[in-house]
Amino acid sequence: MTTATTVADPVTAVREWLDENWDPDLTVAEWWERLGLAGWSAPTLPSESYGRGLSRSDAVAVARAITEYGALNAPAGLGLLLAAPTITTHGTREQIDHYVRDIVTGRKAWCQLFSEPGAGSDLAGLTTRADRDGDEWIINGQKVWTSLGLTADLGMLIARTSPDAPKHKGISWMAIDMRQPQVEIVPLIEMTGHAMFNEVFMTDARVPHDAVIGELNNGWAAANTTLQNERAGLGAGGAAGGASVTPGTVAGQLERRAGDLVSPAESTQRPTGAAVRRRGSMLNDFARGAGKNADPTIRQDLVRLHILNEIGRLNGMRAKDVRAGGGDIPGIANISKLLMSDVVRLSRDVGLRILGPSGTLHAYTDDQRESLNEATGNPLLGMITGQALYAQAPPIYGGTDQIQRNIIGERALGLPREPGPDKNVPFSELPKNA
Ligand SMILES: Cc1cc2nc3c(=O)[nH]c(=O)nc-3n(C[C@H](O)[C@H](O)[C@H](O)COP(=O)(O)OP(=O)(O)OC[C@H]3O[C@@H](n4cnc5c(N)ncnc54)[C@H](O)[C@@H]3O)c2cc1C
């Protein structure tokens, strides 16, 4: 584990470290082992958990410095974003060494098994069951919307371990092996043409008892840590960057030469605040190139987009300062996520208006993309239509806009809570849809 302590200037520190350590001839696995154990893969984690205790904005600066240096960036994905901070907060020392080490070194990729066909916003209504069998749990149920499930080694599973407890109190958070034959992963094709998420069917799947993270039946607390990290990471406040190379044993990248995979391209999955901001300035250039920057309505929207992005950036800085003084801004993660929804919707609208009628064309495969670029002479077209189609996703994932507003109302503004007559009733006695 790293012995790193918090440093005054993390960007200088990581550059000096790269001078000593970056070697393009290492395999991806060897490089990520170095990067992760030095605390640079997930620098927001505490030093006892393979990190460096940095703020989120410093971590973004570190990721950018690694990219600018020309080295392969940290393993991206939900392991780093969600599982590692959850296990760090709720896991035992052994669990941190077992799971977080493999995340920061990119050895294992994770997916998030929270949503179900009947439990999304009302997540605590989940019906996936976990029944104890000696030292193991037997899992039966279905999850849906499981992003990156096909390349995941492990899943962050929340399942009902005590149906006789009220619905928030009988849930446990556990790490499930996604590669066991009792777990079936079925891809769902999105309107973008990609299949980022999946349905996951678990039929008598097995989880060892020592893979339960946090207290048994108190998985709601761990799930909230996962969700808070999701909102904070995905919001306009920015998130730690990551390589476009998929971690884990399934994607088959670990034995490749690290230097061959270095790319300035940002991940197309789940845009971060910083990535969304870069796209804002790309739209400015695009409008100029297309001769649309003199159109007053487009100019107005580009300025609105700039203002929203600036608010996001400044909110991130404000939150950092308040946190550095030991405080907190109630609801800031929810506000950041709402702001990102506004930014992606406005980017979609202004992008399509700049494109005009050709915005109705979209390439669903690589072959189609090539033909489209050739036919229109505009290589950015596919990217803008792709982002426009994907713009429906950020206002839903990680908790919908409506749910973010409910949380801000109840927890930040102190408004009356939504009526919850089912809160103290055993889950097994609640009425269910047939
Ligand atoms: C791109 C993408 C990736 C995702 N990846 C994952 C993943 O990896 N793992 C995972 O577990 N899940 C994932 N999700 C699922 C996501 O978390 C859920 O879609 C989300 O929580 C909403 O749940 P739902 O789809 O069941 O909608 P519902 O909860 O059925 O909501 C339907 C509508 O009702 C509104 N609504 C519901 N309750 C209230 C309320 N109390 N007050 C006001 N309005 C309300 C909602 O805002 C929404 O508009 C992903 C979703 C998307 C779009």
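Quick note: numbers below take in every heavy atom, side chains included, and nothing from hydrogens, waters or symmetry partners. Just follow the structure's listing: the first ligand is 1, and inside any ligand the first atom is 1.
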Closest candidate by heavy atom, reference atom 53 (C) of ligand 1, pool Trp145, Tyr390, Phe114: Trp145

Side chain, backbone, both or neither: the part of Thr400 lying under 4.0 Å from ligand 1 by heavy atom: side chain

Which segment of Asn406 sits under 4.0 Å of ligand 1 when only heavy atoms are counted: side chain

Structural part of Ile403 in contact with ligand 1, heavy atom criterion under 4.0 angstrom: side chain

Under 3.5 Å: N/O of Asp122 near N/O of ligand 1: no

Heavy atoms of other groups near Lys292 NZ, more than 12 under 6.0 Å: yes

Side chain to side chain contact (heavy atoms under 4.5 Å, CB included) between Arg345 and Asp401, worked out: CA-CA 12 Å; Arg345 274 189 291 255; Asp401 282 4; 3.0 Å; yes

Nearest candidate to atom 20 (C) of ligand 1, where distance is taken over non-hydrogen atoms, out of Leu78, Ile396, Thr146, Thr192: Ile396

side-chain hydrogen bond (donor to acceptor under 3.5 Å, both in side chains) involving Trp173 - partner list, sequence neighbours excluded: Thr226

Polar atom proximity, Glu418 to ligand 1 (N or O, under 3.5 Å): yes

Side chain, backbone, both or neither: the part of Lys143 lying under 4.0 Å from ligand 1 by heavy atom: neither

Heavy-atom neighbours of Arg132 CZ exceed 12 at 6.0 Å: yes

When the side chains of residues 184-193 are checked against the rest of the protein, which donor-acceptor pairs come out under 3.5 Å, sequence neighbours left out?
| residue | atom | partner | partner atom | Å |
| --- | --- | --- | --- | --- |
| Glu190 | OE1 | Thr192 | OG1 | 3.1 |
| Glu190 | OE2 | Met196 | N | 2.7 |
| Thr192 | OG1 | His194 | N | 3.2 |

Asn217 backbone acceptor or donor facing Ser172 side chain under 3.5 Å: yes

Arg160 side chain vs Leu126 backbone, donor-acceptor pair below 3.5 Å: yes

Heavy-atom nearest option to atom 27 (O) of ligand 1, drawn from Ser121, Pro394, Ser115: Ser121

Under-4.0 Å heavy-atom contact with ligand 1, by part of Met196 that carries it: side chain

